[in-house]
Each structure stands twice: as structure tokens, then as C-alpha cells.
Amino acid sequence: MNRIAAFFKKPFIRRYANYLVIGAAALIFGLLSVTGALSMSNQFLLEQISIAVLLAVSLSMVVGFLGELSLGHAGFMCVGAYLGGKIASLLVSAMGVGESNFLVLILSLLIGGAVAALFGFIIGLPALRLRGDYLAIVTLAFGEIVRSVLMNLPSELFGGTLGLKTPRFTRQYLFIIALVLVLACLAVTQNLIRSKHGRAIISIKDNEIAARAMGIDVTKYKLFVFTISSFFAGVAGVLYSYTQSTVQSATFDYNYSIEILVMVVLGGMGSINGSMIAAALITFLNVKLQSVLKGDMAVLKDVIYALILILIVIYKNAPGLSAFREKYNFKTLTAKLFKKKETVSKNGDTVPVVQEEAKDE
Amino acid sequence: MSEVLLKVENLNVYYGMIHALKGISFEVNKGEIVSLIGANGAGKTTTLHTITGLIHPKEGRVLYKGEEITRTPAHKIVGMGMVHVPEGRRIFQGLSVYDNLLLGSYSRKDKNEIKENLEKVFVQFPRLAERRTQLAGTLSGGEQQMLAMGRALLSSPELIVLDEPSMGLSPLLVGEVFEIVKSFREAGKTVLLVEQNAKKAMSISDRAYVLENGVITMSGDSRELAEDERVRKAYLGA
Amino acid sequence: MDFINALINGLSLGGTYAMIAIGYTMVYGIAKMLNFAHGDIIMVGGYAMYVTLLLVGQPIVALIAAIVFCVILGVCVERFAYKPLRGASPLAVLITAIGVSSLLQSLAQIAFGSAPKMLMAVQISGTVTLGSIHIAYYTILTLALTVVIMVAMTLFVKYSKPGRAMVAVSEDRDAARLMGINTNAIIAITFAIGSALAAVAGYCMLIKSPTLTNTLGAMPGIKAFTAAVIGGIGSIPGAMLGGIVLGVIEAISLSIPGLAPFTDAVEFGILIIILLVKPAGLLGKARREKV
């Protein structure tokens with residue numbers, strides 16, 4: 001136990017522990033699937049988890065790191081899913097290759113992501129200059145526009161109300177590709193946050209005016225991060241289109257965006273690793289609960305998510321609870337649990353969350 | 001000795017990690033003008049905010065007429081007879097002059113009292129009467145300061161707490177503002193005055209306290225303090 | 001003539017949006033938060049009407065019950081979910097509001113199921129015909145309610161003591177406290193009024209189309225927020241104007257066959273354009289963030 005703890009304490013390991021864990025997972029599950037020990041449904045579960053992690057990490061950049069709220073993450077995903085799916089089927093027929101063509105997959109991932117990024121740029125351009133709430137409402141509006149437009153365009157284009165038929169990829173390999181994409185997203189995100197401007201943004205997020213005074217073009221930087229985040233949402237969308245036989249725009253509604261937000265908040269807004277764990281956990285539970293909660297009781301899980309969301313945000317942000325927070329938080333509680341042994345923080349890379357001022361009311 | 005109206009005991013205020021007020025104590029007697037002088041960031045505004053309940057101290061007490069008001073919310077303190085004219089005037093720009101004045105009387109129930117106060121304010125500040133229907137945001141800086149002080153008078157205060165009333169005004173208007181402060185005393189009201197313009201403040205006040213980095217370093221009769229070598233060097237530009 | 005019919009429909013639809021938008025804009029101006037759950041108050045009001053109708057069967061009693069229930073709910077939500085976060089980052093408050101919205105929707109689904117409830121007793125049918133212009137009774141009632149509410153709100157804000165205090169709190173909360181205004185009480189009143197108006201808006205929606213589901217308020221809520229932004233968020237006359245403008249745009253867009261399916265896209269597109277060109281809205285004041 002102590003040895004493992006010591007191993008994880010090495011700075012290098014701490015910094016790259018998350019890559020190691022995901023890489024190891026890809027390797028182990030990959031071997032299992034090749035030997036046939038991994039069932040189809042588990043492969044599907046792994047794909048869904050990877051998609052959720054991609055979405056959560058990319059949204060976490062916006063919410064935790066920029067301190068802005070996007071309610072249209074599913075909209076960007078939708079753009080990726082439709083565009084990527086369409087491009088993939090066009091390429092498959094144009095190139096005369098099978099559905100599981102690797103080149104087609106890569107190209108559609110890139111194009112789907114790029115178009116989503118372009119939309120992110122266009123949306124972010126006006127909204128990021130305004131007060132934070134505007135970004136929330138504009139992204140929400142964007143998601144609704146995307147949905148309604150894709151559904152109502154002539155069916156020759158994107159399948160109309162019936163949804164878009166998309167190619168499939170050999171299941172055995174798709175989830176490994178998905179995990180590799182997660183690693184790529186993680187690398188980009190962490191490097192962005194650790195960059196010079198990234199650090200500056202974190203340290204002065206509370207006070208944009210101060211940041212501007214220090215010569216940081218906050219809007220430009222925010223726009224950049226927002227565009228990257230949209231890109232990965234688009235990539236997640238393309239990936240999603242490959243896991244489904246048809247893509248329905250109704251899937252990407254506002255509630256989907258909220259679910260991604262729940263993952264980010266549950267993971268501790270701004271903690272990339274936290275977001276990943278929460279995304280994996282929630283996706284796992286969603287898939288497992290599907291067979292347990294039937295009919296209208298299925299929303300029971302939404303009730304629980306909503307309550308968790310509210311309680312966590314109040315606990316973490318309420319000015320009146322600051323003393324309580326200092327006394328009972330994750331660190332002190334785990335420290336107690338392990339008999340005050342120094343605990344290994346797996347979250348070597350937590351970004352400080354929006355620290356509120358204890359304004360008196 | 002005259003009656004103590006306001007008594008501050010060992011105030012300690014923190015902003016997060018910053019210890020803004022480090023155990024300050026002072027008192028204001030009925031009918032006095034007491035000025036609190038000090039450099040930027042010395043804690044003058046924080047002191048006033050703590051007294052009028054906008055922020056609460058970590059330690060220490062504030063007593064008004066012998067009653068503890070340390071944790072009393074700001075909106076209740078106005079009704080007790082202490083009014084705060086904040087730094088930068090903070091008038092309601094989008095409302096008319098008249099509405100601003102009426103908001104000043106928010107804590108008062110007696111209609112006749114409000115009417116009388118309004119009339120008195122309009123007599124003292126004829127410019128406000130002329131511009132009663134104008135939006136407050138369109139007034140000049142000096143007029144806005146008059147409005148802020150007139151608005152305060154509508155709560156029938158006994159103690160008026162003034163934060164930097166001369167800030168940003170032309171020298172002519174500064175003189176006028178200090179005349180108004182003096183008139184408050186003549187009308188039987190008590191004034192706690194925070195000023196950067198230490199020279200003027202000490203010239204009209206009875207007593208003064210010097211605040212440096214959250215600590216009261218000197219206090220006494222304004223005229224005597226004004227003679228003090230250290231005060232002269234640091235605050236009076238002598 | 002189709003155009004005039006569309007215009008009249010648009011006015012009544014816009015009136016409904018205006019009622020909801022007033023709630024958004026007041027809360028935004030006074031509590032400085034985007035109350036995401038505001039639209040769902042409409043839905044809860046709908047279910048309150050449904051239950052009252054089962055018990056009493058009187059639409060007017062149902063409306064009053066809905067108003068009362070919504071006011072209580074609105075004030076409680078503010079007290080327990082938003083008040084603890086006063087002074088915290090706007091992001092935290094917004095996320096909590098989203099949580100409340102999601103909570104109300106899913107609780108309603110658990111309580112009443114996902115199958116729509118039909119409130120036939122509330123529905124008002126029949127039309128007045130003037131030449132080739134047809135005006136439905138529900139349109140007339142909605143327009144009348146809209147006018148009454150607008151006049152009442154304008155008078156309340158301008159001439160009542162709490163109304164004036166609301167303006168003061170929205171302009172400068174600390175200065176308002178120094179006037180002796182209990183800002184917590186004013187914020188609670190704001191939520192109460194907003195919720196009452198939401199209940200009335202829900203009534204206006206149900207007399208037209210009596211289908212009640214747990215997402216009844218979601219889309220109108222978002223549209224009304226859009227209306228509030230178009231009019232200039234924080235401004236009550238702006239919310240009224242923005243609501244009417246958006247309602248008319250929606251009705252006209254719906255009356256043009258090729259454009260009808262894209263109506264939502266048109267409305268949200270306008271929101272984005274407004275934010276690009278005139279972020280303060282039609283009647284809003286451009287305001288700089290205080291340092």
C-alpha cells in the first residue's frame with residue numbers, strides 16, 4: 001500500500017497518472033476484446049463512457065476553467081454527429097471502401113470536430129464579450145436552432161425527422177479509438193491550462209478587469225478555449241454517430257447538455273480528472289439503471305442528479321457555509337479516513353474553482 | 001462630558017486573509033463632528049461599513065445609544081437614527097430626484113414627518129427643488145452630493161455618517177459641502193466624517209482620529225491634532 | 001387578411017411571453033441572477049390548476065389556486081436554493097437554477113406521469129368574426145390580461161413604496177440597504193410577483209391549448225428570456241416590448257409556410273443578432289461592469 005502511495009507521489013507520475021490509467025485501460029480492455037472476453041454490451045459501454053468523458057472534459061474547460069457556462073454542448077455534439085456521420089457515409093460510397101475504414105473515420109472525426117469548432121467560434125464571438133449569463137442563453141439557443149434546423153431540412157440532406165443513417169465501425173476497435181481520443185483531448189486540455197495564458201486566466205479569473213489590465217486579451221483567449229472545447233464536443237458527436245445506426249437530432253436536447261454539466265459539477269468544476277471520473281460513473285449508472293427504472297420512474301435518476309447538483313453547488317459556493325466547508329471537505333475527511341496519513345491526491349491537476357468572495361449580505 | 005452616541009470597541013474586520021481593521025475603538029458624542037482621517041486603504045470606509053451594518057466584524061462591538069448593533073442588518077440601523085452617506089454618493093441614477101429623496105424616507109412611517117423633511121431639504125437645497133423631476137443621473141457632481149446628503153436627511157437622522165463627501169468636487173463646491181456638514185451640527189445632528197481632505201475636515205470637526213493600516217494611531221481635539229508635527233507632515237502637507 | 005390574423009395571434013402570444021419575461025427581467029435586475037427555473041413555475045402552476053379542477057371544477061378557482069401555489073413555490077425556491085448563494089459567483093447561482101428547473105420537471109413527471117393531462121375545463125373556444133378577421137376568445141382574454149398586468153406593473157413600480165424600493169435595489173443593492181430597505185424582503189417580493197405572473201401566463205397558454213405536460217414551461221420560458229434580452233434585460237417596459245415583438249415575429253413566421261418549421265431557429269437567431277448588434281436590448285441601458 002505504501003509503495004503504491006510512494007509511486008503515485010513522484011511528480012512525474014502524479015502529473016501523468018491520468019494518462020497512465022486511461023492508457024492501461026485501453027490496453028487491458030483491448031486485449032480482453034481481442035481474446036473475446038469482453039462482451040459486446042461492455043464494449044458499447046466503454047464507447048459511451050469515452051464519449052461522455054470527451055464531453056465532460058471539453059465542457060469542463062469552459063465551465064471550470066473559463067468560468068463560463070455553456071448550455072449548448074449537446075448542440076456542438078449534434079453538429080459533429082450529423083456532419084461527421086454524413087461525411088463518413090459520403091466518403092464510404094465515394095471511396096468505395098467498407099464502413100470500418102480507418103481513414104474515413106479519421107477524416108470524419110476531423111471534419112465533424114472542425115465544423116463544430118467553427119460554430120463554437122461564431123457563437124462565442126459575440127457572447128464571450130458579454131456578461132457570463134449571455135453565453136449560457138446563447139449556447140442554449142444555438143443548441144435548439146441546430147436541432148430544429150437539422151430535423152426540418154429536406155430529408156435528402158440529413159434524413160429529416162427520421163434521423164440520419166450513419167456508418168458503423170468494427171465494435172472491437174472503436175472503443176480503443178475512443179479511448180485514444182480521450183487521451184488526445186486530455187493532452188490538449190492539460191497543456192492549454194498549463195500554458196502561460198492558462199495560468200494567468202486561472203489566477204485572475206475572478207477579476208477580468210485586472211486580467212485585462214495585465215495585458216491579457218481575455219476575450220481572445222476565452223474564444224480560443226471555447227472553440228477547442230466545441231471541437232472536442234464535435235469529435236464526441238462523430239464518435240457517437242459511429243456507435244449508432246441512425247442519429248436523431250432529438251437526442252441532443254437541452255437535457256443532454258444539462259447531464260454533461262452535472263458530470264462537470266459533480267467532478268468538482270475545474271478538476272479535469274474529477275470530470276472524467278464523474279462522467280464514467282454517471283454513464284455507467286445510466287446504462288445499468290436503464291433496465292431497473294422503468295417508465296416514468298426513469299426520471300427518478302434525474303431527480304437525484306438535480307438534487308446532487310443543487311446541494312453540491314450550494315455546499316461549495318454558499319458564503320455562509322465557508323466555515324463549515326473548511327471543517328468538512330474532501331481532503332480533511334479522507335485524511336481522517338486514512339488515519340491522518342498523508343493522502344495521495346489523484347487529482348494532481350485540479351484547477352481552482354470559482355472562489356467566491358465572502359460578501360456579506 | 002456629553003452623552004456618548006456611538007461607541008466602537010475593538011473592531012476587527014477581515015477581508016478573506018487581509019486583516020483590514022486591527023482592533024480599533026473610538027466614540028462619537030452627541031452634537032459633535034468627529035472626523036476620521038487617514039490615507040487610502042487605511043480602513044476608513046471599512047470602519048463606516050462596519051458601523052452601519054454593511055459588513056460584520058469578526059470581533060468587537062458597535063454600540064449606538066448604548067444598544068449593541070454589531071450584528072444588526074444595515075436596513076434596520078437607518079430606522080434607529082443613524083444614516084450613512086456612502087462614498088461616491090451612490091444615488092439612484094435612473095430615478096428622479098424626488099424619488100431618490102422619497103427612498104431616503106423609506107424607514108419613516110409618519111407622512112407628515114416625511115413632508116416636513118422634504119420641505120426642509122428643498123429649502124436647504126433649492127437646486128434639488130428645481131430639478132425634482134429630473135433623473136438623478138443627469139445632475140452635476142455637486143448636485144449629486146447635495147442629493148445624497150438631502151436623501152440622508154429624509155430619514156430624520158441623529159447621527160450622519162459621511163464617507164468622502166468632497167471627493168471629486170471642485171474647490172468651490174468642496175467649501176460648500178463642508179458648510180453643509182457644519183449646518184448639520186447647527187441643526188443638532190451629530191456627524192462622523194471620513195475625509196481625505198484632512199485639513200478641511202479638521203477645521204470643521206471637534207475631534208479627530210487618525211487611522212493608519214487598520215489601527216488608530218492618534219486621536220484628540222481637532223485643533224490640537226492639527227498642530228501635531230506628525231499629522232501635519234503626513235496629512236496636512238506641511 | 002392572413003397577415004392581420006397572424007398579427008393578432010402574435011399580440012396575444014406576445015402578451016404571454018411578456019408576462020413571463022417580466023418575471024425574468026425583474027429577478028435579473030434585482031437579484032442579479034438568471035432564474036432558469038422560472039419557466040417551470042408555469043408548468044407547476046398548470047398542475048396546480050389540474051389538481052384544483054379535479055377537486056373543485058371551477059377554472060377561476062383553479063387559476064387563483066395556481067397563483068397562490070406558484071407564489072409559495074417561487075418564494076421557497078428563492079429562500080432555499082438561491083438565497084444561500086447570495087454573494088457567490090453568478091455561475092454557481094445559474095447552475096443551481098438549472099438544477100431547480102430540472103428538479104421541478106422530473107418531480108412533476110414522477111407525480112403526474114409523462115402522459116399529457118387535458119384541462120378541457122380551462123380551454124376557451126369560439127371566435128369573434130369581423131369580416132374576414134377571426135379573433136378567438138382566448139386571444140381577447142389574453143390581450144385583456146396582458147394590458148391589465150402591464151398597467152398594474154407600471155403603476156406598482158412607479159408609485160408604490162415596494163415598487164420604488166425594487167428599482168432602488170436593482171440599481172444599487174448596498175445603497176438601497178443604507179436607505180433602510182430590507183433587500184432580502186424585496187427580492188422575495190420580486191420572486192412572488194414573477195411567479196404569480198408565470199401562473200397567469202400558464203393560464204393563458206392552457207386556455208388556448210389545454211395540453212399539460214411537465215415541459216409546458218420549458219420552451220416558453222426560454223423564449224420569454226429571449227424576449228427579455230431583446231427588450232433589454234432588467235427593464236420592465238423592455239420585457240413587455242420584447243415579449244410583444246417576439247410573439248408577433250413568431251406568429252408571422254408560423255404563418256409563412258416555408259418558414260414555419262424554422263420558427264424557433266428564427267427567434268433564437270434574432271436573439272443572437274440582437275446580442276451582436278445591441279447587447280443592451282431595445283430599451284436597456286448600456287451599463288459598464290463596476291470595478
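Side chains are part of it too, since the values below use all heavy atoms of this structure and drop only hydrogens, waters and symmetry mates. Order of the sequence lines fixes the chain letters, A, B, ..., with proteins taken first and strands second; residue numbering starts at 1 for each chain.
- Note on C/Ala175, C/Ala176, C/Gly180: by heavy-atom pairs under 4.5 Å with chain B, the leading option is C/Gly180.
- Applying the 6.0 Å contact sphere to CG of B/Asp110 captures more than 12 heavy atoms from other residues, nucleotides or ligands.
- Other residues, nucleotides and ligands contribute more than 12 heavy atoms inside 6.0 Å of the CZ atom of B/Phe26.
- Considering only heavy-atom pairs separated by less than 4.5 Å from chain C, the leading option among B/Thr52, B/Leu95, B/Leu154 is B/Leu95.
- Chain C is approached within less than 4.5 Å, heavy atom to heavy atom, by B/Ala74, B/His75, B/Val78, B/Val83 from residues 63-83 of chain B, ordered by number.
- Other residues, nucleotides and ligands contribute only 12 or fewer heavy atoms inside 6.0 Å of the OH atom of B/Tyr98.
- Using a 4.5 Å cut-off on side-chain heavy atoms (C-beta onward), C/Asp174 and B/Pro86 make no contact.
- A distance of 8.0 Å separates OG in B/Ser96 from CZ in C/Arg164, rounded to the nearest 0.5 Å.
- Remark: C/Lys278 NZ is packed, more than 12 non-hydrogen atoms of other residues, nucleotides or ligands lying under 6.0 Å away.
- Between C/Met179 and B/Tyr106, the closest heavy-atom pair is O-CB, 3.5 Å.
- Side-chain contact check for C/Val167 versus B/Leu103: every heavy-atom pair is 4.5 Å or farther apart.
- Distance check: C/Glu171 CD to B/Ile91 CD1 gives 9.0 Å after rounding to the nearest 0.5 Å.
- Rounded to the nearest 0.5 angstrom, B/Lys109 NZ and C/Lys161 NZ are separated by 5.0 Å.
- In this structure, no portion of B/Arg89 lies under 4.5 Å from any heavy atom of chain C.
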